[in-house]
Amino acid sequence: MKSEFLTILNDRGFIHQATDLEALDACMGEGSVAAYIGFDATATSFHVGSLIQIMVLYWLQKTGNHPLVLIGGGTTKIGDPTGKDESRKLLNDNEIQENIKSLSKVFERAIAFGKGPKDAILLNNADWLDTLNYSTFLREYGTHFTINRMLSFESVRLRLEREHPMTFLEFNYMLLQAYDFLELYKRYGCLLQIGGSDQWGNIINGVELVRRVAHKTVFGLTTPLITTSSGAKMGKTSQGAIWLNADLLSPYDYWQFWRNTEDQDVGRFLRLFTTLSLDEIKRLEALEGAEINEAKKILADAATAFIHGEEAVKEARATAQKLFESSGANLEEASLPTLSLSEGELEKGMSILDVFHRLGLTASKGEARRLIEAGGARLNDVPIKDALLTLTVASFESKTALKLSAGKKRHGLVKKLTNF
RNA sequence: GGAGGGAUGGCCGAGCGGUCAAAGGCAGCAGACUGUAAAUCUGCCGACGUACGUCUACGCAGGUUCGAAUCCUGCUCCCUCCA
């Protein structure tokens with residue numbers, strides 16, 4: 001590898017497949033290249049599954065290339081059939097707009113947007129897709145696609161084989177994504193599209209369309225699907241996805257997610273999801289036994305800082321330290337789910353089951369009861385034995401906050417509100 | 001168009017008139033062991049009630065029956081074979 005960008009990607013394990021790696025490398029070695037990554041606007045937040053793409057954007061910019069962030073405001077109206085057994089419910093314009101607004105916040109910390117030649121640009125393909133004229137589009141681009149070939153793509157073939165219906169609308173998705181590439185090539189001289197490995201088919205369609213229409217060789221590159229060593233897809237937990245937006249998953253929980261990485265994944269994740277130097281990572285992943293916990297903290301710090309910023313890291317780390325490393329510390333400041341009870345409520349007494357439920361530590365009161373029976377519930381680190389326990393003013397003694405724990409890792413605070 | 005099979009809890013999958021809140025597996029949660037890891041072992045795993053209990057749930061809508069996830073009718077969706 002000659003180019004800085006591809007060297008980094010290669011060393012850090014970002015490359016799964018590429019159309020012509022050598023030619024791309026030569027091209028990127030010569031100067032700044034505009035490259036794009038497309039994102040669906042199907043949810044209000046990304047989760048860690050998309051994080052690898054965001055890291056790639058960071059490295060693009062870091063190595064002097066020109067990142068184009070494409071949000072699929074237009075293609076989301078179609079719905080990417082890739083990897084899906086049946087068509088998704090279609091979103092309306094409003095929902096898509098909301099999603100775009102909420103999604104784009106994530107990029108701001110990772111890359112710099114602006115008007116300069118190396119500043120990232122945020123784009124929405126609705127800007128060109130919405131105004132396409134059907135018959136013109138068919139005449140100009142429809143001739144470059146054969147049904148024979150389109151039917152051979154995995155996304156289509158699977159549906160056909162299983163006799164799950166695929167609508168004509170969805171069938172067209174790949175044409176529109178291919179057209180995006182062409183449009184970005186024309187507008188910004190974009191030479192490279194990067195995406196997850198499942199996007200391979202869509203990406204090569206774009207490469208091909210640009211070659212046929214503009215007679216230019218452009219490139220495609222995919223990143224691997226990241227799984228944990230135990231084989232699970234990244235970021236799926238019982239609590240739901242590991243969201244990147246703080247309103248869906250608190251920075252503390254995000255930090256914890258990384259803190260709890262399996263030993264075997266630490267090195268790989270440090271390379272992919274932090275920007276630490278490779279030397280440093282080598283040192284960290286060589287740690288053995290309990291020592292590797294230090295590496296996990298560094299991973300959690302770096303990954304959290306990348307998305308939520310240094311402030312959030314400090315808070316998360318302080319909270320974690322209070323919870324796990326020092327007992328009886330002052331918890332007032334900790335960033336935990338908190339329930340404030342008024343004096344009125346405390347006069348009457350509040351069932352401990354209700355408190356667990358309202359704190360979100362358990363999904364129902366029954367679950368809270370089972371937790372207590374299993375010995376996993378604690379009040380200020382003392383196991384709760386009685387499910388009938390009620391919290392009253394007296395429970396607080398001289399303190400203003402109580403710590404409730406569900407297992408070792410999930411905690412919440414109950415505060416006493418003073419009326420006056 | 002014809003013939004047959006199927007739809008069960010987050011997923012897979014048994015049950016085929018009462019003993020069914022529904023076997024078993026996976027996922028999940030808790031406990032033990034550890035290192036906030038993995039593996040292993042143990043317990044839990046619809047909601048509500050302190051509890052004998054009540055409610056909701058086996059594709060949808062009706063029906064038969066003292067009693068239905070289980071039988072009947074209609075509907076919807078899926079699968080297999082034949083044309």
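Every chain is numbered from 1, with letters handed out A, B, ... down the list of sequences.
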Salt bridge or not between [X] and [Y]? Use side-chain N to carboxylate O under 4.0 Å.
X	Y	answer
A/D279	A/K282	no
A/E367	A/R370	no
A/R283	A/E280	yes

Nucleotide nearest A/R369 when distance is taken to its side chain, options B/G35, B/U50, B/U36: B/U50

Using whole Å, what does the distance between atom [atom2] of nucleotide [N] and atom [atom1] of [X] come to?
X	N	atom1	atom2	value
A/E294	B/A37	CD	C1'	14 Å
A/Y254	B/U36	OH	P	22 Å
A/E288	B/A37	CD	P	18 Å
A/K408	B/G31	NZ	P	5 Å
A/L388	B/U50	CG	P	7 Å
A/F324	B/U34	CZ	C1'	14 Å
A/W258	B/A37	CH2	P	17 Å
A/L389	B/U50	CG	C1'	14 Å

Quick one: is [N] close enough that its OP1 or OP2 comes under 4.0 Å of any side-chain N or O from [X]?
X	N	answer
A/K409	B/A37	yes
A/S364	B/A47	yes
A/R410	B/A30	yes
A/R370	B/G28	no

A/G407 vs A/N260, nearer the 5' end of RNA chain B by closest nucleotide: A/G407

5′-ward residue of the pair A/G366/A/A377 relative to RNA chain B: A/A377

Identify whether any heavy atom of [X] sits under 4.0 Å from a base atom; if not, whether one sits that close to sugar-phosphate; answer base, sugar-phosphate or nothing.
X	value
A/T362	nothing
A/K365	sugar-phosphate
A/A406	sugar-phosphate
A/R259	base
A/Q256	base

Does the structure show a Watson-Crick or G-U wobble partner for [N], both distances under 3.5 Å? Name it, or say none.
N	value
B/C81	B/G2
B/G18	B/C66
B/U36	none
B/U73	B/A61
B/C26	B/G10
B/A47	B/U54

Candidate pair A/F107 and A/F46, rule ring-ring contact (aromatic ring centres under 6.0 Å, His included), full reasoning: CA-CA 10 Å; A/F107 298 110; A/F46 293 115; 5.5 Å; yes

Taking the [atom1] atom in each of [N] and [M], what is the distance between them to the nearest angstrom?
N	M	atom1	result
B/G25	B/C45	P	14 Å
B/A38	B/G17	P	45 Å
B/C52	B/C71	C1'	33 Å
B/G63	B/C78	P	28 Å
B/G15	B/A83	C1'	37 Å
B/G9	B/A3	C1'	33 Å
B/C16	B/G59	P	16 Å
B/G18	B/U65	C1'	11 Å

Aromatic ring pairing A/W258/A/F273, orientation class (parallel under 30°, perpendicular over 60°, tilted between): tilted

Ring centroid separation A/F306 to A/Y254 under 6.0 Å: no

Any donor-acceptor N/O pair, A/T19 side chain to A/G220 backbone, under 3.5 Å: yes

Main-chain N/O of A/Q256 paired to A/N260 side chain as donor or acceptor, under 3.5 Å: yes

